[in-house]
Every structure is written in structure tokens, then in C-alpha cells.
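The structure under discussion appears below in the form of C-alpha cells.
On a predicted model such as this, the values are computed, not experimentally measured, just so you know. FYI, side chains are in, hydrogens and waters are out, and symmetry mates aren't considered; it's all heavy atoms of this structure.
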Amino acid sequence: MPWISVKDALKAAPGTIVTIKGWVRTRRDSKADGGLSFLALHDGTCFDTIQIVAKGNLSNYASEVAKLTTHCAVEATGVIVQNPKGGNEISADASSGEVKVVGWVDNPDHYPIQPKPHSFEFLRELAHLRVRTNTFGAVARVRHTLSMAIHRFYDQRGFFYVHTPIITGSDCEGAGQMFKVSTLDFVNAPRLQNGEAVHAQGVKVSGAEVSSGKTPAPSTPRHLDTSSPDFSADFFGKQTHLTVSGQLNVETYACALSRVYTFGPTFRAENSNTSRHLAEFWMIEPEIAFANLQDDAKLAEDFIKFLIQTMLNERADDMKFFDERIEKGLLTRLKEVLDKPFRHLPYTDGIKILKDAIASGKAKFEYPIEWGKDLQSEHERYLTEQHFKQPVVLMNYPKQIKAFYMRENDPGTDGAPGATVAAMDVLVPQVGEIIGGSQREERLDKLDARIEEMGLPIKEYWWYRDLRRYGTVPHAGFGLGFERAMMFLTGMQNVRDVIPFPRAPKQCEF
RNA sequence: UCCCCGAUAGCUCAAUGGUAGAGCGAGCGGCUGUUAACCGCUAGGUUCUAGGUUCGAGUCCUAGUCGGGGAGCCA
């Protein structure tokens, strides 16, 4: 018999005999017709299960079929028939079919995934099993389709996919705490004393003992030796980290290939314990040459709308589930985002709106707001959810709250009382900031001034500065947090539930 | 990291400082082309950990661990 997916079986012509391989979600028994069991079977290929009607005349009916419990693995062969409700089901009886048990579930009374609602908190502790549930199956399929959509969007527009490195030798990416990457033995690491390399007794690094060493005084226990490790003896010969952003690297490719993007994992060692932060997450960062902030905002808007449209087209079954069970009104919210043009708003005007709202009593905020300060999430929510009721692209932020690489605007842009940079944040209802981007500073003198102003180690930026010395061009880009996009598209409330195996402070199981 | 809340059966939760319970799930039986099925019976517990108060602690106190919500940082 041909083995077909549940997805295909639900659309197959009645009368065909097929084999389905999957896992039991529920079993219900009936004494009708001399006994039969209804098995809801899923194989992950689509949201729905298909019902197997296992007849009592199957040779293993009493011994096996009637004992199946949730998530037993089976191979079922039978004929496709229409059930009274009009959908397809598979009738398996002794004449034309069988139900083979491939894998039993031990101790079904203790098997943690049951045919009943479970809290996400509980399922989070069972990341290896939770994908068998409706919700996490749907999340997994949406996540896949979203990844494909992202690549398709950029590919169709002539962008090249650039694999920026995951291990980085520059500690100047400037986006938060980094994870160290090292092959040094933490206990007996070679040390620097007074700036000179010393080595632990008997310890070799990369097969060669560190030369030119004094040993620490023998009376100093190793664990009390607080001198800094000698990273010249480390794997890369310098201190290295996991990347926090591919942006600086991808900029180099934009300045040769014109339109590029990177899509990969990024890492932040911040001690953030929230429903919106992960230590390991995925980020999409396009970069376009010969482009300004307006071009950047346009790309961001097209991008978000493309992703929504693709989900509605290609994952309709899963999206319907999210709309019904996870966030009521999700589809309406997404369609509204799709239909309206994004509202472009200078930061300076945004502050005015917020101040007016406070003055007129329309809004009350916990944190004070004034020009020059970054917006709190309550302020962002007010703008997108109360005032405009649509996505807002906030542009031209005060220079002092933004990164060194952002292009400085002409004085007086938007009537701002201070210096601004060509930065933009895309704020969406429910989620808040989903995209952060900017036009990059392409003028070497301005860039250097900024690096110095912020006290950054200018030597480290030698290759980044080279881009401004050799054929510099205006360019711009943004970053989209992949998991934030997942939350926006599914209505899932916790970022740990939209990635298969979440990594967060004190959490690295599986 | 800060503030608040929580941890009791496989799961979701009850239990005035005084005999640890229910619903769901599981097992057995009944009924039924069932589909959040229904009815009956049964089993299932080191009450997160370590201390302390008390004649007596799931309950009160201290510390810790883990989880949740909010904030900060940000994507």
C-alpha cells in the first residue's frame, strides 16, 4: 500500500487504500458492529489529525489496538472513506487493512503529555515532547515556513545571503554582554602577570608550552590567582566571543554586492529574565548600499507585509488555530497591518504626542518622557495601540541614545532641539519594537569622531573604517528578531515557546 | 539584576496550625459512529530543598533552588 502523509490522506479520493504512519493522539472505543476503535492519528505534516476506524475483526484488536494510548506509534492501512461529517477517515478492517503498533508508550499513567490542555510552563520543561502537541506542532511548522519566506523575500529582490561568522574576534559589536569562546583550561589557564605571559606548571596549550614565563609563586593556590588569562595562548591567539550581531560583517558585503542579508543565530549573555529575551536567538539583518533611511523603512515595511501574507497563504490551518486558541482576533490584527501603510513619525513628533497625551489626561505613564530619552515600552504601546492603532516607524532619534555607526543628521532635522541620527524603529501593536535599523555613517571623519566620543577602541574598528576610506557609499540596514516575528505572527506570549530549545539564564537543558 | 506571586497525585488545582482531597489523565467495567464523549469502580503522595518555631507544620519563620508576571537591557 502506498504510504502517504496525513496531509495528503485528508485530501485523497475515497476508495483508495493507503498506509499512514504516525502517532495516536486519542483513542475512543465503541461496541457498535461488534467493537471498533477510533484513533486520531497525527504525523506532523499538517495541523489536523486523521481518524482511523479500527474494526474489531483485526487480529490484534483486543490484544493491541484496544490498548493504544496517547503517542503510541502506529502504521495503519485501510481504505479512505468519507465520515458522516464529510471529511476523510480511514477504515481499517481485517479484509483490507491492519493497524501495526510500531512503538508503545511505557507507563501511560505517567506519560506527561496527555490528551488535555497543558500549561506552556509545564511543556517548556519537556521541550523534547512538547512538539507532539497541537500548539508546538503548529509553532514548528510556522517557524519553518517563516524561515523559507524570509529567504524567498530577499532572493526575489536580488539580495545575496551572506553567512556572517558566529565566532567573532571583535568585542566591539556593541550590543550587550557576550559569551566567551575559549579552549583554555579555566583552572590552569596561562596567566598574564604585569602584562607578561606566565604558564601554569605542566600545562601545555595547543601542544606547545607557553614560552617566556615566570611561574606564579608556588605558594599561590591556583584558584586564588586572579591575574588575567593569557589569551595569546588561546585557540585563536586572542580573546573571542559568540557574535551578538552580524551587522558589521554584513556591511562589508553590502559595500561590494549592493544588496545582502544575513540570517543566523546570535547570542547575548545578558541576565534578562523576561518573556521576550533569549540568550540564543536568530536575527535577520539586511543591508543595502546606495540607500538612505527612507529606503530602509520601505524595505522593512514590505518585508513585514510579505511575511504576514505568506503565513496567511501557506499556513492557513495553523494560523486559524492560533486565531482561535492562542490570540482571539489574531487574523484581524494581522490583516489590519497588511492593509494600512505604516505610519512614519519623527521621534521628535512622537515625544510631542506623548507629552500632549499626558497634558490632556489621555494617558498616564509610569516613566517620565522628554526629548533625549529613549521610549519605554509603555510609550511605544501608547503610540501603536492607542494613538495610531497601526504600526509606527519612529525615525531620527537623539544621537546620544543610539549606536556609534548611525549616520548623523543635519542639525535641525524635524525641528529637533538636539543632534539626531538616522535611526528607525518599527513598532507594532502587541509586540512593541520588532525592527531596529539605521542609515550607517559613511563619512570617516564623522564616524571617527563618534567612536572617540563614545570611548570605543578605535583600533578594533580598522576594517570597518576601511569601508569608509575605499569607495564609501551611503548604506542602510536593519535587524529583525526572528523569534519576535514569530510572536507577532502567532500571538504566542513567551519567546521561549517559539524556539525549539530555548536558551536563557539558568536554562540550557536539551 | 530589581519588584511581586507561586511550588501539594502524571496534569490543573483545593485543604482555619490538628485524619492530605477534587477534576482531568491512567487501569478495569458499562454504554455509545465516537470526536473536549458519557456513567461506575480502582490505583496513584518523602506536600521543591535545608534549617527553625510548635505538643503538632502542606499551612508559620529563615535561607536556597526552580517557575510565572512586571520592569530594566534589548531583538
Between A:Glu453 and A:Lys399, is a salt bridge (charged side-chain N to carboxylate O under 4.0 Å, His left out) present by the stated rule, with each step listed? CA-CA 11 Å; A:Glu453 210 173 279; A:Lys399 171 176 151 181; 3.5 Å; yes
Between [atom2] on [N] and [atom1] on [X], what's the gap in Å once rounded to a whole number?
| X | N | atom1 | atom2 | value |
| --- | --- | --- | --- | --- |
| A:Asn271 | B:C2 | CG | P | 9 Å |
| A:Ile401 | B:G72 | CD1 | C1' | 15 Å |
| A:Leu68 | B:U35 | CG | P | 19 Å |
| A:Asp374 | B:A71 | CG | P | 15 Å |
| A:Asp93 | B:G33 | CG | C1' | 15 Å |
| A:His110 | B:G45 | NE2 | P | 8 Å |
| A:Glu509 | B:C66 | CD | C1' | 13 Å |
| A:Leu36 | B:U35 | CG | C1' | 13 Å |

I'd like the [atom1] distance from [M] over to [N], given in whole Å.
| N | M | atom1 | result |
| --- | --- | --- | --- |
| B:G70 | B:U62 | P | 27 Å |
| B:A15 | B:A7 | P | 10 Å |
| B:G10 | B:G69 | P | 25 Å |
| B:C31 | B:A20 | C1' | 34 Å |
| B:U35 | B:A43 | C1' | 28 Å |
| B:C4 | B:U47 | C1' | 24 Å |
| B:G40 | B:U32 | C1' | 15 Å |
| B:G17 | B:U12 | P | 25 Å |

Check every strand shown and say whether [X] touches a base, only sugar-phosphate, or nothing at a heavy-atom separation below 4.0 Å.
| X | answer |
| --- | --- |
| A:Asn494 | sugar-phosphate |
| A:Val495 | nothing |
| A:Thr69 | sugar-phosphate |
| A:Arg276 | base |
| A:Glu89 | base |
| A:Tyr367 | sugar-phosphate |
| A:Ser119 | sugar-phosphate |
| A:Ser377 | sugar-phosphate |
| A:Ile434 | sugar-phosphate |
| A:His277 | base |

Which nucleotide in the set [options] lies at the smallest distance from any side-chain heavy atom of [X]?
| X | options | answer |
| --- | --- | --- |
| A:Phe122 | B:A26, B:U12, B:G33 | B:U12 |
| A:Asn273 | B:U34, B:C73, B:U1 | B:U1 |
| A:Lys116 | B:C24, B:G27, B:A37 | B:C24 |
| A:Phe38 | B:C11, B:G33, B:G67 | B:G33 |
| A:Ala32 | B:G68, B:C73, B:G33 | B:G33 |

Between A:Thr145 and A:Arg143, do the side chains contain an N or O donor and an N or O acceptor separated by less than 3.5 Å? no
Are any of the side-chain nitrogens in [X] or [Y] under 4.0 Å away from the carboxylate oxygens of its partner?
| X | Y | value |
| --- | --- | --- |
| A:Asp497 | A:Arg124 | yes |
| A:Asp155 | A:Arg157 | no |
| A:Arg440 | A:Glu251 | yes |
| A:Arg130 | A:Glu125 | no |

Does [X] make a side-chain N or O approach to OP1 or OP2 of [N] shorter than 4.0 Å?
| X | N | value |
| --- | --- | --- |
| A:Arg124 | B:G68 | yes |
| A:Ser275 | B:G70 | yes |
| A:Arg28 | B:A37 | yes |

[N] pairs with which nucleotide, Watson-Crick or G-U wobble, both distances below 3.5 Å?
| N | value |
| --- | --- |
| B:C38 | B:G30 |
| B:C2 | B:G70 |
| B:G17 | none |
| B:A7 | B:U65 |
| B:G25 | none |
| B:A43 | none |

RNA chain B nearest-nucleotide lookup for A:Glu380 and A:Lys55: closer to the 5′ end is A:Lys55
Would you kindly compare A:Tyr111 and A:Leu278 by the position of their nearest RNA chain B nucleotide and give the one closer to the 5′ end? A:Tyr111
Nearest non-hydrogen partners of A:Ala357 and A:Tyr382, listed with the distance: CB-OH, 3.3 Å
What about [X]: does its side chain form a donor-acceptor pair under 3.5 Å with the base of [N]?
| X | N | value |
| --- | --- | --- |
| A:Ser272 | B:C74 | no |
| A:Gln51 | B:U34 | yes |
| A:Gln114 | B:G10 | yes |
| A:Lys31 | B:C31 | no |

Should the ring pair A:Tyr154 and A:Phe303 be called parallel, tilted or perpendicular, given that the plane angle runs from 0 to 90° and is split at 30 and 60? tilted
Angle between ring planes, A:Phe263 versus A:Trp282, binned at 30° and 60°: parallel, tilted or perpendicular? perpendicular
